[in-house]
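Below is one structure; the comments refer to it alone.
Protein chains get the first letters and strands the later ones, always in sequence-line order, with residue 1 at the start of each.
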Amino acid sequence: MWSRVACAGLASATLACNGGLQPTPAFPGISGIVTYRGAVPDSTQAVYVVAYHSFPHSRDSLFTFQPPVQSLDTLPLGGATAPYNIPVESGRYEWVVAVWVKQGFTLANADSTLRETGYYRNPADTSQPGVVNVLAQPAESIDFVIDFEHMHPPCRYYTPPCP
Amino acid sequence: MPILHAAVPVRLPAAVLLLLGARTLGAQTAVVYGRATDSGGVPLEYVRVQVTGAALAGLTHPDGRYRIAGVSPGTIVVRASRVGFVPALDTVTVEPGDSVGVNFAMRANALFQDPVIVTAAKRSQFLDQAVTSVALVSDSDLARRAVVTVDEAVNRVPGVQFLSGQVNIRGSSGFVEGLGSRVLLLVDGVPANEGDRGGIDWDIVPLADVQRVEVVKGAGSALYGSAAFGGVVNVITRDIAVGIHGRARATGGWYANPPSDVWKFRDGSGGLGGVDLTGSYGTEALRGALTLGGRHSDGYRQQDASDQWETAGRAEWLPAPGTRVTASGAWTSHQYDVFPTWCGPSQCDTHGQAFQPFLIDTSSQGSYTRSNKGYLFATVDRTASPRFAWMARGSWLRSHFTDYHPDDWSVSDRLGAEVRGVAHVGGGDDRVLTFGAEGAHTHVTSDIFGNLGQVASHDEVDVAAYGEGEQRLGRVRLTAGARLDGVAVDGVSQAVQTSPQLGAVLPTSLGTWRASVGRGFRAATIAERFVTTEAFGFQVIPNPSLRPETAWSFELGDVTTVSSWARLDAALFWTEARQLIEPTFLVDPSGVAKIQVQNISRARLRGLDASLTMTPIPSLTGAIAYLLLDARDLANDSVLAFRPKHLLTLSADYRWRTLSVGGDFRYSSRIERIELEAVFGNDPRVPAKVLDVRAGWQRGALSARLLAANALNYIYNLVPRTLEPVRTVSVVLTWTY
């Protein structure tokens, strides 16, 4: 009996050890310059740069980007280029993308009011997205083009993609 | 409101006159007295001694003695019960004017819970006759666990979890940022949710006054209406014993420092302490008790201090056998610092960290709240005959909070009344009818439940009628009932809801089976309809046209003795909810994102709620409780927010003479999804693993309890950017006279 009690106590203590929130160094971030092409649509609400650890292949994963919404900064529009700097944690990012947000956006109508309007491309094969590895230091010079005349709905990247 | 104001004072004098006439009957009665001890001869306090078949009962004093007056002559059965002991019975014959001694030596067995409950059917019934799951927290549990507040006591009940102060029964509420609760709080059977926000002030009753807590799981709207959508918590205050009695309870303790130096936020450690004093005096006919208390806490994180003062009183008049007039009240003033969310980059000096769970966003520095709340209840209970009993009550409930930086405030007053009858057709328990009517008028004045920055008032009127019948057919007890509710806000009807419930209880060789199906609903609170404020940098806008959320709940359960020392209580449950009221983002015509509370979700909550209670040897008790919860947001085909899939509680206590040791371990799996995912979705989330360790010593009127809550100082959060308590070591000293 006592051995069972002792085992239960030990198991509880073991289960409770480790895990929990740990100190986490501040996000190093991704920075670069975007170059604009085309006219900014009149219905524009904002344009943001966000990063995904993996491609959002479904609507559920559409909002798994970094940084958190409250840390998003709107890109300045009107010029030919604009610098950006987004605070993200260390890790591998498959997709660093500019998101165009239409006026009237809600979570419910995200499929019709959000557009991919450009993303960082693989320097060796510019038809493919470029992977960005963020280590202890910020990933810099992650430059890409934002083309307002070639924007795509997020469902283009879903599995299966929209028509 | 004027109608309800008038109803209470008119009704009470009429009842008083009636009862004065009945008082002369007392001269023809007898007295039963005696002593209750454990099997070793140690006096037992708080043993409930009852003359069965009559509304006569008393509690034993610290020396184990009790006295019941007003006993009708004849052969009577006296029953003694206390949680953790086998109930004891004795049969005696009393003559008019007799004083008969009946002593009890009670055998300890943790499997025996107090079998009488009052919440599930709005009347006294045996626990195993309830058609829904009911969990109990006894005064022994409260003392043994050395908790300071009522919510701490309820938080370890199987299937119950608190998310930053918001109670969840089988995942009922989730977390809705303080707006509304899907659980109804009762104090001695009287609804006590806040009139404006619909939330629960757990500090409205001093813990020192709490006798026990009953937790009814599943939709309780068939008897309790709107807020009982996901369950009911009934806090039952102490009876008052005859004679002069007193109790002093002193608490002191300290909080652990952050486990990492990079999270350190103060030079020393934080402390906490408090004192509660209770005095009571009672005769056979008149009794009164008063409690005064206060406590201070430095808090376990930055800007987290609180001060609280509380008082509670109760007066009882027992003019005749079977009649009780009760007036009770409480008032609590609580001032506490507000820790809105922990800070991240650019929100404070993070010392190079991604987040600082012990520090606040500097823009929130100086935020605090003063929260005053209280109630006055008056109740007349009358057992007119073995066949019929009735109850009438009036109540006033006030909550008043003032937030500073940002500044806002709200005052709500709720006046309520209820009449209820319980008929035992044929005089026994084979057919029981419970019926009644209830009404409440709530008046809210505030500067955040209306136009931004402007003072606005709202009125809500709730009226209801209910009835439930229970019929025994052979071994089966069948229950059927329904409640009709009407809700009007600012003179406009907002909801008319019917909440039926069917249930059955069947004792078999494989245990006692219970099954029930019922409908629940919750009308939107005034806060949910009219809140106008700012949260997380977004403006929150009102939605006066919110519809009630509704649900159908099913349950199939069984309680069985699996061996001579173990008992299993398991239930499968299934709830289908519609029109759930949740905060969500929208964009106004000018393109600005805002938050509004809307009817957005369809949800399904189903799972298994099981607990195994064990007493392998008389001095050792243990329990394993497990909740498996499958909670789906059917509208978005995703996991429902703020519902952990697994909730496991392990408990053990060992007693040796005057000493005891024990502990609880609570595991809650990582919350898979949260509301406002777009804002907080990338925040770190971890499972909860909390170990509480306790030790106690009791000798005569003195007891000392040591509690190390979260003994391993596990750092975690359950809701976004809100750190749960760190290791807290406290000592509770109690002296009872």
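- Summarising the local packing, CG of B:D261 is surrounded by 12 or fewer heavy atoms from other residues, nucleotides or ligands at distances under 6.0 Å.
- Contact tally against chain A (heavy-atom pairs below 4.5 Å) for B:I715, B:N713, B:V693, B:L723: the top residue is B:I715.
- Within the model, atoms CH2 of B:W263 and CG of A:L21 stand 5.5 Å from one another, a figure rounded to the nearest 0.5 Å.
- Checked against salt bridge (Lys or Arg N to Asp or Glu O under 4.0 Å), B:D304 has the following partners two or more places apart in sequence or in another chain: B:R301.
- With sequence neighbours left out, B:D637 forms a salt bridge (Lys or Arg N to Asp or Glu O under 4.0 Å) with B:R632.
- Within a 6.0 Å radius of CZ in A:R121, more than 12 heavy atoms belonging to other residues, nucleotides or ligands are found.
- Using a 4.5 Å heavy-atom threshold, the side chains of B:L586 and A:F105 count as separate.
- Minimum interatomic distance between A:P23 and B:V262 (heavy atoms only, all atoms of both residues): CB-CG2, 3.6 Å.
- A donor-acceptor contact shorter than 3.5 Å is absent between the side chain of B:Y716 and the backbone of A:G20.
- Annotation: B:K594, atom NZ; neighbour count of heavy atoms from other residues, nucleotides and ligands within 6.0 Å is above 12.
- Residue B:N710: no heavy atom, backbone or side chain, is found under 4.5 Å from chain A.
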